[in-house]
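Below, read A as the first sequence line, B as the second, and so on, with proteins coming before strands; counting in each chain starts at 1.
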Amino acid sequence: MEGRSQEFKQRVEKLGRIRESGVNPYPNDFKPDSCLKDIFKDHNGKTKEDLEGMDSCFTVAGRVLAVRSFGKAAFVKIQDRTASLQVYLQRDNLTDIWPIAKKIDAGDFIGIKGKLFRTKTDELTLDAESFTLLTKGLSPLPEKWHGLKDVEARYRQRYVDLMVNPDVREVFRKRTEIIRLIRKYLNDRDYLEVETPMMQHIAGGAAARPFVTHHNALDTDLYLRIAPELYLKRLVIGGFERVFEINRNFRNEGTSTQHNPEFTMLEFYEAYADFEDLMKLTEDMVSGIAQELHGSTKVMYQGTELDFTAPWKRLTIKEAVLEHSDATEEILNDRDKSLEFLREVNPRLPEGWDKLSHGKIIVEIFEAIGEENLIQPTFVTHFPIEVSPLSRKNDKDETLVDRFELICAGREIANAFSELNDPIDQRERFVSQVKEREAGDDEAQPMDEDFLRAMEYGMPPTAGEGIGIDRLVMLLTDSPSIRDVILFPLLKPEAKQESKEQEETQNNKKGKKA
RNA sequence: GGGCCGCUAGCUCAGUUGGAAGAGCAGCUGACUCUUAAUCAGCGGGCCGUAGGUUCGAUCCCUACGCGGCCCA
């Protein structure tokens, strides 16, 4: 109890008095028969007289959000998963339980059975005929008017954030709805939803640093996946011509408003499709989701209108750079001139910058100046082959691949390509990746012999795409940070406030080991 | 990794050339059976992020550290 707030201690004492009076403060046999939203839906149109003529009782349960108490009566606002509703408690109706009912606190859960009426100010209200304490809350709720604002507290104690900030609940409901709509869209197109390994012996399918873990029984290191790509393609090879997976990827990188080390990715693969088909599919799917969610394909994001109405703009990566900088074709078509230009737009380059290939230089230039200027949804195409070891070569220009990135609000939302299905070419690409890895690029992809073995059986012509779900949800819920669309974003652990008992336990453990 | 900003009561926030730490809400006591951020009267509640330093004296100034936010890489 030491270190607890005064109010916490008072509530614990109150809890004790409730128990002494013979009332169980944590019963679990109360069954509501109505949710609050349905009560509004069915009865909010009714007049005072309509309600007086109605004989039906409603049994509801919820968390107490606010109490306005009089001597022998009280108005209490309760909230369930669907809505909030005012309840009227009167001493003369509640008799035995009144002493407890009048002592409830904001944060408690209560159950009420009663009849609907309208107050003098015309608010639909449930007049309690019986009252049941369902859970005593010990920690006080945040301020009723301002709610919980402290960003760190909101992330660390998301449960409190959700209790008191309805707009936060709404964001996460929309997140779930978006994922539901994606599933429906793909299921309707005969895609098969699958699950592939999160723990992999070879972390391939993307350029990123993985987390490492260890399997004790097999005594082997494993990586948390950075992408499901190579497994989903194995499934296409196996005959599942349309597959998708919505699941977590893990990348061992820093956090930002755009990055969380674990994030949710949709990946889908369709045989006999190419990357242009996927552009159409993406336009159709995302604009449809915006329409379902907002009733419009135009969505406000951080003060800017994003127009998801199909078709979306398409630019080659060079066009995107030319459109948003003073670079010229002459510069971009020459490796050394491009490098010089890159140094102007990005003076602080990673180590080994002078050895960058022409293709990588173009991508670096795009990321430095092109990407952030693409606000409306735009497909950026014609990526260089050096940065695309899993993509099919372009038939007309072997330095390019049939790939696009979807950029919106200045950030990458999706990445897709016609899949490389030539096993000989794929092996060569892996070999050059391994060389880059040996040269110090720890994001270059490792050799995956089993994947090659699979591809050697023949993979049908296929296109595949990954869509960052968190970022898509950000755009569709007007959220400025990825942490606003991830229920429990990764934070550093809080400063330890170990109790003496814990300290002793730990010391004992240390002592035993020593 | 670098820069800037923040950390004060359960919550939202004030505050002090460096001189006994404040408000509102929440809480407690009392009044009140139709309130809407209910009202009225009274009361309690603080390691001012942590640790050093400067000082007669530090929540305030300095240093380091921790956590968070934003920006940059």
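Summarising the geometry, the separation between CD on Q86(A) and P on A38(B) is reported as 10 Å, rounded to the nearest angstrom. Atom CG in N252(A) sits about 13 Å away from atom P in G1(B), given to the nearest Å. Counting to the nearest Å, the P atom of U35(B) and the OH atom of Y88(A) are 9 Å from each other.
Taking 4.5 Å as the limit, every side-chain heavy atom of F117(A) sits out of range of all side-chain heavy atoms of E52(A).
Looking at E123(A), its side chain has no donor and acceptor atom pair within 3.5 Å of the base of U35(B). For G44(B), the base has a donor-acceptor partner in the side chain of Q6(A) [N/O atoms by modelled type, under 3.5 angstrom].
When the side-chain nitrogen and oxygen atoms of K144(A) are compared with OP1 and OP2 of A26(B), one or more of them lie within a distance under 4.0 Å. Considering only side-chain N and O atoms, K9(A) lies nowhere under 4.0 angstrom from the phosphate OP1 or OP2 of G27(B).
Dense packing is recorded around CZ of R156(A), with more than 12 heavy atoms of other residues, nucleotides or ligands lying under 6.0 Å away.
Cation-pi contact between R4(A) and F8(A): present, with separation from the ring centre below 6.0 Å and deviation from the ring axis of at most 45°. The cationic atom of R158(A) (NZ for Lys, CZ for Arg) does not lie both less than 6.0 Å from the six-membered ring centre of F488(A) and within 45° of the ring axis.
Residue contacts for K103(A): at a heavy-atom cut-off of 4.0 Å it reaches the sugar-phosphate backbone alone, with no base atom in range.
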Quick one: the dot-bracket string of RNA chain B, using Watson-Crick and G-U wobble pairs with both distances under 3.5 Å, [ ] for crossing pairs and | for bases paired to another strand. (((((((..((((.....[..)))).(((((.......))))).....(((((..]....)))))))))))).
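Comparing the C1' positions of G66(B) and A9(B) gives an interatomic distance of 22 Å, to the nearest angstrom.
Residues in residues 124-136 of chain A take part in these salt bridge (Lys or Arg N to Asp or Glu O under 4.0 Å) pairs, two or more places apart or across chains: D105(A)-K136(A), D108(A)-K136(A), K115(A)-E129(A).
Note: F404(A) and H382(A) fail the aromatic proximity criterion, with ring centroids not under 6.0 Å apart.
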